[in-house]
There are 2 protein chains.
Amino acid sequence: MIAKTKPLAALDVAARLRDGIRMGRFVPGQRLVEADIIADTGATRSRVREALQRLATEGLVTIEEFRGASVKKLTLDEVRQIYRARMALEGIAAADFAAADVPDLKARLAAIQEEMNQGESSGDHEQFGRLNTAWHRLIIEGAGNDYVRAFLATLTVPIYRLLFSTFYNAQRIDAANADHRLITAAIVEGRAEDAERFMRAHVEQGFHSLSAIHSHFAGN
Amino acid sequence: MIAKTKPLAALDVAARLRDGIRMGRFVPGQRLVEADIIADTGATRSRVREALQRLATEGLVTIEEFRGASVKKLTLDEVRQIYRARMALEGIAAADFAAADVPDLKARLAAIQEEMNQGESSGDHEQFGRLNTAWHRLIIEGAGNDYVRAFLATLTVPIYRLLFSTFYNAQRIDAANADHRLITAAIVEGRAEDAERFMRAHVEQGFHSLSAIHSHFAGN
DNA sequence: GGCGACGAAATGGTTGACAATCCGCCTGCG
DNA sequence: CGCAGGCGGATTGTCAACCATTTCGTCGCC
């Protein structure tokens with residue numbers, strides 16, 4: 001329900017498409033026709049094209065000559081590669097956060113952890129999903145590394161739509177939160193090596209959970 | 001002196017500018033005026049603008065509203081962040097390469113290592129620079145992770161121009177090659193954890209070497 | 001029913017124009 | 001003489017129209 005105040009800028013168009021893909025409004029493989037996007041957003045063709053180019057470099061969509069942009073399908077091997085890269089990057093982010101002298105950020109992390117512990121037994125995926133996202137994002141912010149943050153942003157987005165299913169049972173929430181507790185404690189207490197090791201194990205565990213159900217989404 | 005055979009495509013323009021920045025033909029902070037690039041390359045304005053956008057997302061140039069693109073200046077802290085990210089990514093690349101079953105790639109790595117050992121005492125920076133680049137690139141390829149490769153490509157490029165100075169003395173070449181020998185052996189013999197640990201130490205060492213002379217290039 | 005040609009639809013790319021902004025310079029005033 | 005403010009060229013941001021190329025569905029013909 002965007003008012004027709006102003007035509008959307010390229011970044012806005014990109015953000016809107018990104019959200020659409022994350023939220024599952026666009027199915028992998030679905031074509032993103034320029035004219036439709038123009039009709040939806042009111043942006044000009046140049047902006048739409050620029051936005052699609054940007055999403056292509058982010059790896060969210062693929063562009064084929066004269067066939068345009070379509071939502072990228074991820075193979076299981078690509079998901080594996082993504083998680084491998086996330087292991088490395090989130091691992092070092094956790095280590096750098098632990099080693100950094102940022103007491104307020106660490107306090108906020110502890111607060112989020114406390115909130116997650118409270119709602120743990122409730123099995124509320126919705127709430128846990130939000131807190132989980134905030135927890136990961138805060139750790140990336142706490143590391144203070146813009147390059148790592150930018151990379152992880154492109155790694156997190158393409159598989160976000162799959163995460164909903166990952167946490168669909170209370171048991172998995174508990175297991176994930178157990179990981180979170182270990183990592184949060186290591187960061188708050190400044191144990192960088194522990195934080196990195198635990199975070200890598202946590203991400204790897206996430207991949208194992210995901211790979212089982214991935215075939216359902218990937219299609220082939 | 002480009003012949004007027006064909007107007008260059010956007011990717012070609014980007015590649016040319018990238019080389020220009022890498023080779024030091026453009027100084028950090030220097031403005032990249034669209035009209036000049038058009039005159040140099042014969043490309044159209046749209047392509048030039050697309051190329052500059054691409055370089056901006058790669059972090060090679062910064063674009064300010066109505067002031068256009070200029071070669072990005074790197075602060076020491078940004079260089080530190082870059083090396084921190086490289087530690088994580090090249091480290092996992094080395095580990096994955098070691099764990100992978102790709103005997104031919106490992107043989108090629110051993111061959112490059114042998115060549116580096118041969119020319120070690122000669123103090124030929126030119127040759128060592130080439131071999132060093134090939135060595136790093138081969139390890140990234142051997143990891144078989146497109147995401148890691150893409151990230152490292154954007155991390156390697158912006159500081160390439162500084163590397164020349166890093167290896168300007170034979171002593172440093174020897175030290176770097178000692179690291180290389182350890183890492184190559186670990187990869188060839190499939191010791192993933194060793195490969196990662198040694199690679200991270202190697203990258204960190206590179207940063208320490210670089211930080212000393214960085215102020216000369218960064219300006220401030 | 002199969003096959004090939006045709007045309008609509010969509011994308012790739014160029015050009016020109018105009019608006020917005022920045023920056024150096026110049027004038028006028030104190 | 002110094003400076004505030006404005007002026008105009010230079011540069012970038014944005015758009016609209018246009019054409020070439022390719023894809024794809026469809027229709028007619030055999």
Side-chain angles (χ1 to χ4, degrees), chain A residues 2-18 20-21 25-73 219-220, chain B residues 2-18 20-21 25-73 219-220:
Chain A
I2 295 293
K4 56 181 58 178
T5 55
K6 268 184 188 178
L8 276 67
L11 286 179
D12 297 326
V13 176
R16 169 181 283 235
L17 291 174
R18 213 172 305 157
I21 296 175
R25 194 146 41 88
F26 302 120
V27 186
Q30 178 175 349
R31 289 185 55 180
L32 301 174
V33 181
E34 293 177 0
D36 296 347
I37 301 172
I38 292 174
D40 281 354
T41 63
T44 62
R45 197 154 92 104
S46 6
R47 287 191 182 283
V48 170
R49 289 174 61 83
E50 182 184 337
L52 289 175
Q53 285 283 350
R54 186 172 294 268
L55 293 182
T57 71
E58 290 178 12
L60 265 179
V61 308
T62 60
I63 296 183
E64 296 167 281
E65 280 242 357
F66 298 106
R67 300 205 41 205
S70 49
V71 180
K72 178 159 174 59
K73 292 183 186 176
N220 57 344
Chain B
I2 294 294
K4 55 182 57 176
T5 57
K6 266 185 188 177
L8 277 66
L11 287 179
D12 298 325
V13 176
R16 170 181 283 238
L17 292 174
R18 212 173 303 155
I21 296 175
R25 196 145 38 88
F26 302 119
V27 187
Q30 177 175 346
R31 287 184 55 180
L32 301 174
V33 180
E34 292 178 1
D36 296 347
I37 300 173
I38 292 173
D40 281 354
T41 62
T44 61
R45 196 151 92 103
S46 6
R47 288 193 182 278
V48 169
R49 288 176 64 81
E50 182 184 338
L52 290 175
Q53 286 283 348
R54 185 172 293 266
L55 293 182
T57 69
E58 290 178 13
L60 265 178
V61 308
T62 59
I63 295 182
E64 297 167 280
E65 277 237 9
F66 298 106
R67 299 206 40 207
S70 50
V71 181
K72 178 157 173 60
K73 292 183 186 177
N220 58 344

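Just so it is clear, the model here is predicted, and its values are computed rather than measured. Every chain is numbered from 1, with letters handed out A, B, ... down the list of sequences.
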*Could you tell me whether I38(A) contacts a base, only the sugar-phosphate backbone, or nothing, with contacts defined as non-hydrogen atoms closer than 4.0 Å?*
nothing

*T44(A) has a side chain; which of dT21(C), dA16(D), dA10(C) sits nearest to it?*
dA16(D)

*Between the base of dG13(C) and the side chain of R45(A), is there any donor-acceptor pair under 3.5 Å?*
yes

*If we only count heavy atoms from C-beta on, is the I21(B) to V61(B) side-chain gap below 4.5 Å?*
yes

*On DNA chain D, check which nucleotide each of R31(A) and A35(B) is closest to and give me the residue with the more 5' one.*
A35(B)

_Without decimals, in angstroms, what is the distance between E34(B) CD and dC22(C) P?_
16 Å

*asked:* I need the CD1-C1' distance between I37(B) and dT12(D), as an integer number of Å.
replied: 12 Å

*Measure the distance from CG on L32(A) to C1' on dT11(C) and round it to the nearest whole Å.*
13 Å

*Report the distance from atom CG of D12(A) to atom C1' of dT14(D), rounded to the nearest whole Å.*
15 Å

_Interatomic distance where CD belongs to E65(B) and C1' belongs to dT14(D) [whole Å]_ = 11 Å

*Between the base of dT15(C) and the side chain of R47(B), is there any donor-acceptor pair under 3.5 Å?*
no

*Identify whether any heavy atom of L52(B) sits under 4.0 Å from a base atom; if not, whether one sits that close to sugar-phosphate; answer base, sugar-phosphate or nothing.*
nothing

*Would you kindly give the CZ-to-C1' distance between R49(A) and dG13(D), to the nearest whole Å?*
18 Å

*asked:* Would L32(A) and V71(A) count as a side-chain contact (heavy atoms from CB on, under 4.5 Å) here? Give the steps.
replied: CA-CA 7 Å; L32(A) 301 174; V71(A) 180; 4.2 Å; yes

*Answer yes or no: does a side-chain N or O of R67(B) lie under 4.0 Å from OP1 or OP2 of dC23(C)?*
yes

*Would you check if the side chain of R31(B) reaches a backbone N or O of R67(B) as a donor-acceptor pair within less than 3.5 Å?*
yes

*Residue F66(B), side-chain heavy atoms: nucleotide from dG12(C), dG13(D), dT11(D) that is nearest*: dG13(D)

*asked:* Base, sugar-phosphate or nothing for E64(A)? Non-hydrogen atoms, less than 4.0 Å.
replied: sugar-phosphate

*Check whether any side-chain heavy atom of Q53(A) lies under 4.5 Å from a side-chain heavy atom of Q53(B), and answer yes or no.*
no

*If we only count heavy atoms from C-beta on, is the L52(B) to L17(B) side-chain gap below 4.5 Å?*
yes

_Can you measure E50(B) atom CD to dG13(C) atom P for me and round it to whole angstrom units?_
8 Å

